[in-house]
Amino acid sequence: MTTRSERPAVVAAEAFRTLHGHDPTGIWSAPGRVNLIGEHTDYNDGFVLPFALPHRLAAAGAARADGVLTVATVGSDGRIQQAEPLRVPQLRPGGDLGWVTYPAGVAWVLREQGVDGGADLVLAGDVPTGAGLSSSAALECAVALALLGLAGRDDPDDRARAEIARWAQRAENEFVGVPTGVLDQMASLCCVEGHALFLDVRTGEREQVPFDAAAAGLRVLVVDTRVKHALGDSGYGDRRRGTERAAELLGVEALRDVTPEGLPTALDAVPAKLRPLVRHVVTENERVLRTVELLADGRLVDVGPLLDASHRSLRDDYRVSAPELDLAVDAAREAGALGARMIGGGFGGSAIALVRADGQEAVEDAVTAGFARAGFRAPRIFVAVPAAGAGRE
């Protein structure tokens, strides 16, 4: 992650010129995301409601005709790190390529789409890594658009973007080995400025829901606990396998098919250890639907209790929170936040708090002081504003 003042696209272009001695053919970038509500529902065919962040990952690139992929990245100190060149026809899942595994996975997937000529890519970004803000999906989507653009397939329409998101998810699942759903990639590619993206994961239906917290006198604060999470660790996969097993026992395609009215019967039909997982997915889907209704009615203030309920469910039923996340949520609420919850896969990362504009400072101060008292590393806090999705710069 670069912390320099220049935009990631500018940093990537400058580094490309330094490495290759000429301008890149093009620059593509993709954002991180905040998921307003709808956690761990995407791989259960459910509903999600993310919006894109202004923070982006940029890929400056030029095509090669020899099937070789070179990838370099600009670090937070401005230094350029280069990976060993890769031959696209020889890419296979299962190898340990280090940090270049993600772009290599995208190239591997796109090879099946006829994109196999190779490229020189230089990456730079300001999406915080390990913060639950989807830095990996931003990287995948920027690289996918770059490789497609360099192959003459630029400016995808909305339908094509959804397909590219699935390709990027496949790269993460099958090549990198992280069993995530499609929420992050879909948000990075399909969100638009000033809106949250209501996505029905099963059907692929999408609706852009106006979301202007500032106009309502509100702010969405992101509290990056700076506790790194790794979704490749067993906890995330265990939860996913648990929900899939529950769906199998219930005889449904996914937990999306369990209605709130049918929840008590469903809970009786699965082992005790799976009941909290089922309860979370079913109730979280309902919270997403209710949030969309409130936003459509301009009742942003009323979203707060749904955020609180989401966090309690993630903490107590899904059991993916962490002490730092709980502290951030509790401190924000005690300082006047309308609602707060952890976001992302869990086990670290970030929380969000919906606050009144005139109460923002009090909430920030309370969270920071709480972390200091607990002996935790100072959090990074910023206001999240719905931004544009991925595209060519």
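Every value quoted in this text rests on a predicted model; they were computed, and no experiment measured them.
Pairs of residues two or more places apart, or lying in two chains, never qualify as ring pair (Phe, Tyr, Trp, His ring centres under 6.0 Å) while including a residue from residues 119-145. The ring pair (Phe, Tyr, Trp, His ring centres under 6.0 Å) contacts involving residues 267-313 comprise H280-Y318, where partners must be two or more places apart or lie in separate chains. Legend: ring pair (Phe, Tyr, Trp, His ring centres under 6.0 Å) pairs involving residues 42-85, not counting sequence neighbours, sorted by first then second residue: H40-Y43, Y43-Y236, F47-F198, F51-F211, H55-F382. Annotation: ring pair (Phe, Tyr, Trp, His ring centres under 6.0 Å) contacts involving residues 57-83, sequence neighbours excluded, are absent.
Taking the charged nitrogens against the carboxylate oxygens, D66 and R64 do have a contact shorter than 4.0 Å, which makes a salt bridge. The pair E163-R159 does not meet the salt-bridge criterion, since no charged nitrogen lies less than 4.0 angstrom from a carboxylate oxygen. Using a 4.0 Å cut-off between charged nitrogen and carboxylate oxygen, E361 and R219 do not count as a salt-bridge pair. Salt-bridge check for E284 with R287: passed, with a basic side-chain N closer than 4.0 Å to an acidic carboxylate O. We find that R111 and D116 are not joined by a salt bridge, their nearest charged nitrogen and carboxylate oxygen being 4.0 Å or further apart. Salt-bridge formation is not detected for the pair D126/R7: no Lys NZ or Arg NE/NH1/NH2 atom is positioned less than 4.0 Å from an Asp or Glu carboxylate oxygen. Ion pair R315/D326 not flagged as a salt bridge, since none of the NZ, NE, NH1 or NH2 atoms sits closer than 4.0 Å to an Asp/Glu carboxylate oxygen. Between D238 and R241 there is a salt bridge, since a side-chain N of the basic residue sits under 4.0 Å from a carboxylate O of the acidic one. Between R392 and D155, none of the side-chain N atoms (NZ, or NE/NH1/NH2) sits under 4.0 Å from a carboxylate O, so this pair counts as no salt bridge. A salt bridge is defined here as a Lys NZ or Arg NE, NH1 or NH2 lying under 4.0 Å from an Asp or Glu carboxylate O, and R341 with D308 fails to meet this definition. Classification of E14 and R17 as a salt-bridged pair fails, no side-chain N sitting under 4.0 Å from a carboxylate O.
For A146, the side chain to side chain contact (heavy atoms under 4.5 Å, CB included) partners two or more places apart in sequence, or in a different chain, are W28, A59, L121. Applying the salt bridge (charged side-chain N to carboxylate O under 4.0 Å, His left out) rule to R256 yields the partners D200; only residues at least two apart in sequence or on another chain are considered. Residues meeting the side chain to side chain contact (heavy atoms under 4.5 Å, CB included) test with E293, sequence neighbours left out: R290. For D257, the salt bridge (charged side-chain N to carboxylate O under 4.0 Å, His left out) partners are R202, not counting sequence neighbours. A247 pairs by the side chain to side chain contact (heavy atoms under 4.5 Å, CB included) definition with V252, L255, not counting sequence neighbours. Residues satisfying the side chain to side chain contact (heavy atoms under 4.5 Å, CB included) test with T225, not counting sequence neighbours, are V227, E324, L325, F371.
Counting Ile, Leu, Val, Met, Phe, Trp and Tyr side chains that sit under 4.5 Å apart, directly or through other members, V329 stands alone, with no cluster partners. I27 shares a hydrophobic cluster with no other residue; no ILVMFWY side chain has heavy atoms under 4.5 Å from its own.
Both L139 and L147 are members of a single hydrophobic cluster when ILVMFWY side chains are connected at heavy-atom separations under 4.5 Å. V303 and V383 are not part of a single hydrophobic cluster, where members link through side-chain heavy atoms under 4.5 Å apart.
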Q81 and W99: CA distance, side-chain angles, deciding distance, side chain to side chain contact (heavy atoms under 4.5 Å, CB included) verdict: CA-CA 10 Å; Q81 180 181 355; W99 66 267; 3.0 Å; yes
Stepwise salt bridge (Lys or Arg N to Asp or Glu O under 4.0 Å) test for R275 and D268: CA-CA 8 Å; R275 290 170 191 163; D268 288 340; 5.6 Å; no
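Nearest heavy-atom pair across G237 and P179 is CA-CG, 4.2 Å.
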